[in-house]
Each structure stands twice: as C-alpha cells, then as structure tokens.
Protein chains: 2
Amino acid sequence: MARRAPAPTKPSPTDLDARKATILEAVVVEHIRTAQPVGSSSVAATVNLAVSPATVRSEMVTLEREGFLVQPHTSAGRVPTDKGYRFFVDHLKSGVLGSAQQHQVKEFFANVRGEVEDVLEQTSMLLTQLTNYTSVVVGAGHSHSSILSVQLVNLDARHQLLVSVFSDGSVVKHSVMAPFDVTHEEVAEASKQLNALLINTTLESRVQVPSRSDHVATLVREAVSLLHAEKPTTDGEQVFIGGSSRVAEVFQGVETVRKVLSILEQELLVVSLVQDILDQGLSVAIGSENGYEPLSACAVIVAQVTIDGAPAGAVGLLGPTRMKYREALAAAHVVSEHLTRRFGGEEQHG
Amino acid sequence: MARRAPAPTKPSPTDLDARKATILEAVVVEHIRTAQPVGSSSVAATVNLAVSPATVRSEMVTLEREGFLVQPHTSAGRVPTDKGYRFFVDHLKSGVLGSAQQHQVKEFFANVRGEVEDVLEQTSMLLTQLTNYTSVVVGAGHSHSSILSVQLVNLDARHQLLVSVFSDGSVVKHSVMAPFDVTHEEVAEASKQLNALLINTTLESRVQVPSRSDHVATLVREAVSLLHAEKPTTDGEQVFIGGSSRVAEVFQGVETVRKVLSILEQELLVVSLVQDILDQGLSVAIGSENGYEPLSACAVIVAQVTIDGAPAGAVGLLGPTRMKYREALAAAHVVSEHLTRRFGGEEQHG
DNA sequence: TGTTAGCACTCAATTGTACAGAGTGCTAAG
DNA sequence: CTTAGCACTCTGTACAATTGAGTGCTAACA
C-alpha cells in the first residue's frame, strides 16, 4: 500500500537483515516522535531485541555507511536520511485510522452538501483537520467529459460570453470579443449552431466549423477555438489547498517555510507535483524524490481518486520528512476512497 | 489620502508640536528601516532640528508618556506603538511610485488578457511583486448585477444544473436535485419559464413563482430558491490572495506567521476584514485597529475599486506594522485606480 | 564469531563571569 | 529651555569551564 513502483522482488541493496531493519525502524519512529537525533541506548531500550547499546551502535555504523542514517555531528545520535524514511515507509504495515477519526470522516461524507467544488474544498479542510498537515485535493479535469450544452450570451454588442456545461457538472466560461457589432438574433443563431456542433463532443473531438465569413459563422469559429484552446492551460483541473498555515508549525526555519509556501502558491505546480508522484507509481514521495528542490525537506503523500476505475483527481498531504506516515497514509486513503465512492457510481449533487 | 475617517479639525490629543512630530517621524522611519529600537542620538543625527540627543530624549519621554512610543526595556531605544504609526500614517504626504514600478503597472494593465477572475488574480500577483507584501484583491459580488440568462441543463433524470449568467460577466451554477424523474422536455420548459421569470431581475428582486404542483413548476420553484439563497454565503465575492509566502519573510516569530496564515486561509474572513476597514473609512488599519487579534502585528492597506462611482471591490496589502507605508499606499492606489479605470467605463473582456 | 562492558574521546549545550556598548534619566550649569 | 556630564541599567558577546549525551574502539567473554 505504501509503495507500488519497485518490482515485487526485493533488490538487495535496499534490503536489510531483520535486526538492522528493526533498529532503523526504531530510529525513525523515535525521531518522528521527538524531532531529536536518536542514540543507541534509546534504541536499545525501545526495542525488544535484548541487545546492548554497543551492539546497536555497531549496527548503526553499518546503517550509516549504507546511507540510511546520518549523524548531525560526532557524538550526536542518528537521524534518518531520505533513504532511511523510504525503507521505513516501504516496510510500513498499513495502519488504520483511529475510530474517532474514522467516525469524523463518515460523518463528514454523510453530511457534505453542495457543488463538487465545495465538497472538494471541504474535503481538503477535513484532511488537514485529521492530520494537522497541509492538504491538497485535485479535482479531475474535464477533458474527457462531454459537452452537455453551450450557450452564447450577449453582454453588449461587442462582447459575448460563452458558457459551456460539461457532463461532469462543471461549467466554463469564455469571453468572446467580436470584431464587429452583433445583434441578439445573430448571437442566438450562433448559440444554436454551437449547440448543434458541440453537444456530446469532448474537448478532444475535432469539429467541422463553418467556413463562411458572415457574422454568425465568425462568432461560431471564435467560440469553438476559445473552447478548444482551454486545454493547454490547466485542463480545467481544480486544486484546493487546505491548512497552509500548518507549514509554519511543522517546519522549523523561516527559509524552509517560505520556500514551501511559495511552492504552494503556484497551484499549477502543485498539480504537476501530485501528478508526477502518481506517474512514478508512488504513494509517498520523500525529500528529493518529489523532484522540487525547495521541497526537499518535505514528504508528500498522495492517493488517487478514480471514477469508474479511471484516474480522476487525487488527494495529497504535505508534511516534513519526519511526518507521521502511518496516520497520514491512512487518512489519505480513507478519504480518497470515500471520494471515489461518492463520485464513482452515482453522479453526486447537493 | 492616507486618512479619511477623523474629522478635518485636528483633535488635540493626537496632535503634537512640530518638533515632537519630527522626532516621532524620525523614529518611525528609522525603525521601519532597521527593525531595531531607535535611540536619541540616532534621531538627533538624522533630523535637521539641530538639537542634542538629550533634548530628543526629553521629548521622547513625553512621546512615550502619551503612548506614541515604547521602550522594549530600560536602556534600549524606542519603538513606535500602533498609535505612533497611526500618527505617522495620518501625516504622511502621499508618495508616488518609482518610475520603474509605474512602468511595470502600465505594462501590466496594457497586456492582461482573459476573464475578470484571471485579471484580478494576476493583479494580486502584481501587487505582491511591487511591494513584497501579501496582497488581497476582492472582486465585487454580483448582488447588484442583473441576470442575463438562466439555463437548466439535464445531467440525468434526477439531477439538473442551473447555470446563471449575470450582467457583470459572472457565471454561477447550482445543482438541482429533483425529487422525481424529469424528462428533457420538462427541463426545457422549466428553463424557458425561468428565463421569462428572471431575466433582467437582480438577486434582490422578488419574483412571482408558479404555485402549481406539476414537475415543471416544482423545478422552477426549486431553481429560483437556490439562486436567491446564494446571497447569505459570499454574495459571490471573489478573493484572490497573492504572495502569502511573504508572510514568512516579513514577520519574525513562527507563531505570528502561523496566526496570520490561518487568517488568510479563511477567505470570507479576509473579505470582511477588508470591508470593515473600508466601512470605517480608513485606508490603513494598523495593529489592533483591524479588529482581529491574530493580526495585531499587521498593518493592512486597502484601496477601493469603483464602477460608476459605486464600490465594487478593493485591493489590499498586508504587512507588518513596520511596513513601508508610503510605497505600499502608492502601489495600492495606483493599482486600484487602474482597476477602476479598466472596469469603470467600458465592460472589459479578453 | 558475535556480543558486550569499559573507557577514552568528541562535541553541543549550558552556565557563569566579565566586559563593552548603547541608551537612558537626572542634574546642574549655561 | 537646552545641553553637557554622569551614573546607572540592561543587552549582547565573548570566553572558559562544566556537563552530559553519545560515540568508536578494544579487549574480554560466551
């Protein structure tokens, strides 16, 4: 559940004998709990291995040599590296949510009302509340939805508004600026033609636009090209980011906070961050794995939402590399499953 | 320009003789520049009063007694209080933008394209770029716009989408859930009736809904009530916040950063913050003046945008109380004027 | 051969002290 | 009213000494 990409056969370099694994795990757990370097005696005490600190120490030397741990300085305890966290996460037995939280999620999904956008936004708040981390909810783009209705509305003689409704319930508007004055009748006619042309097509469909040069035909051409130009920008994807203030509690160091926030400001970037992680087949990206240098102090958890088995958005959580992976993973999965269930079968509405 | 609320007659308690004013101003300027407590000798050196530090000192004692300055501790320099900043801002001769920035603004408004929302969002980025502070752009609600078109679209037998277009170019959608299966014909008929009913009304108009109990009439009633229920929530106001990452650079102290960010997360709250300040007739709210305890370390600058003289949105800047008022005020005003000009006369479009 | 107790060593963090410097308030003289 | 002079207060810094956590190594042991 925590890892999907690597082949099921365990490659030797990332594998460890049982004791090393136990020790590494203990270090990670303890460091997540305390945010402090973890020493050998603390590990020896925590773990049921019944070995002395000295033994732990010599194992830790190996773990450090292999890149799972680092010492901030001589005579300090050890801290996990990204690789250390990766091992930990890969070997994490998937946890379940606390029953109180489980209840909270049920409650939430039983009661949310409103447009899809509202539900997604509130979901991101829910995730933040559950985990105390910054959350991201990405709604599906409508590139695969078919067009249910197109309408051209007159604002004034030169300006029209193209309003398109998609089968996923999304509505998109485009301003049309006519190079000439148009009458209401012409707009109505163009509207009618557009409907005939576009209904039941998707944004990916090719359509045959009229080549005449009269007002109506020009309007129609203009409208179609605006609509089809939609894709390159955002594909109509919607992003909802919740709890960005948590960034300030969770990272120490103003500079880190600033860098992370300024990434979060760029919603398109967040979308591609989430997408990249999913494309790699991961559900957790730790430190440098996420590909954005300013986020090298972060771990990102993602869980896909599907509609009829096809990817249709995702939820994500962003925290420090020493985040509470088990809980956060559980929360992300539970929430994504609820979303999948909600949007999966029935169309959902207020 | 910097102050509008207080009566034009100067009330004595907030007034100071020329020398005290000069000294206070010097302290404020210096503290804004250095973020350090300002000592008497530094003031004596800066100012053209040709007085000794000792004199400055004795004046400062008075200024402190009257609440314009405070000492962080004995034997430290002085720091302005909110009241001190208020005096400073009230007596600020309105500055002008640097010519490079002036140019940048012109350039920007000459080139922005796209929907109103896009323009406003980009404007907030512009403001942040100009000032290095977090910026807020509030778009007008459409409560006073008239309805140009209403359309009911069938998603499936039980679910319809109500799409309304307003004269200000905004589009709003509502999900309608019918308590019975409806046919395409019924939807089309309801759509027609809704148009007849609502076109050229505003959300504040009362309309006569059909009282019959057939499918179409029920749909119409449902749609109208959904549409009219819109207001209490947000009035359709749009908020665009730019540069929230600047919060992390501009305030020291994690706790302050967290508090400010968590206010910024609540967009409705930001809208009312801006509105409150405007309602007080202020263009700057310093520290506790803004009414939100978590923002007591902040100053907020606002400038209204008008359409045909009527209030229609605002731009704002949020920084520390020791923000660069002159520059920020200039930027806010220039930008708000550009917006006013753009939206004021002509309807604007892509 | 793997484990462990013992030990010397390292380094960060803390404490205490001394000192310099910035800035004040007060006073007395101009 | 202004200001020079001065004693005083408080912070910040530098430095040394101390503490303590934690290590690496080695030699003994099972």
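Sequence lines set the chain letters: A, B, ... in the order given, protein chains first and strands last, and positions in each chain run from 1. Since this is a predicted model, take the numbers as computed values, not measurements.
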Item to check | A/Arg78 side-chain N/O to D/dT23 phosphate OP1/OP2 under 4.0 Å | outcome: yes
Next on the checklist: Using a heavy-atom cut-off of 4.0 Å across all strands, would you classify B/Ser58 as base, sugar-phosphate, or nothing?
Outcome noted: nothing
Item to check | Verdict with reasoning, A/Ile286 to A/Tyr325, per side-chain contact (heavy atoms from CB on, under 4.5 Å) | outcome: CA-CA 11 Å; A/Ile286 297 162; A/Tyr325 290 100; 3.9 Å; yes
Checklist outcome for this item: Regarding the side chain of A/Arg19, the nearest nucleotide among C/dT3, D/dT2, C/dC26 is C/dT3
Checklist entry - Rounded to whole angstrom units, what separation is found between the CG atom of A/Asp17 and the P atom of C/dG2? => result 11 Å
Item to check | Lys/Arg-Asp/Glu bridge criterion (N-O < 4.0 Å) met for B/Asp82, B/Arg86 | outcome: no
Checklist outcome for this item: In whole angstroms, the gap separating C1' of D/dG24 from NE2 of A/His73 amounts to 15 Å
Item to check | Interatomic distance where NZ belongs to B/Lys20 and P belongs to D/dC1 [whole Å] | outcome: 10 Å
Checklist outcome for this item: Out of C/dT4, D/dC10, C/dC7, minimum distance to the side chain of B/Thr74 belongs to D/dC10
Checklist entry - So does B/Ser40 get a side-chain nitrogen or oxygen closer than 4.0 Å to the phosphate oxygens (OP1/OP2) of C/dT24? => result yes
Checklist entry - Are OP1 or OP2 of D/dT2 and a side-chain N or O of B/Thr55 less than 4.0 angstrom apart? => result no
Item to check | Among D/dT3, D/dG22, C/dG6, the one nearest B/Ala54 by side-chain distance | outcome: D/dT3
Item to check | Listed nucleotide nearest any side-chain atom of B/Gln71, set D/dT3, C/dG23, C/dT24 | outcome: C/dT24
Checklist entry - Counting only distance, no hydrogens or angles, is the base of D/dT23 paired donor-acceptor with the side chain of A/Ser75 under 3.5 Å? => result no
Checklist entry - Do you know which two heavy atoms are closest between A/Gly287 and A/Thr321, and how far apart they sit? => result N-CG2, 3.7 Å
Checklist outcome for this item: Testing D/dA4, D/dG24, C/dT4 for proximity to the side chain of B/Ser52, the answer is D/dA4
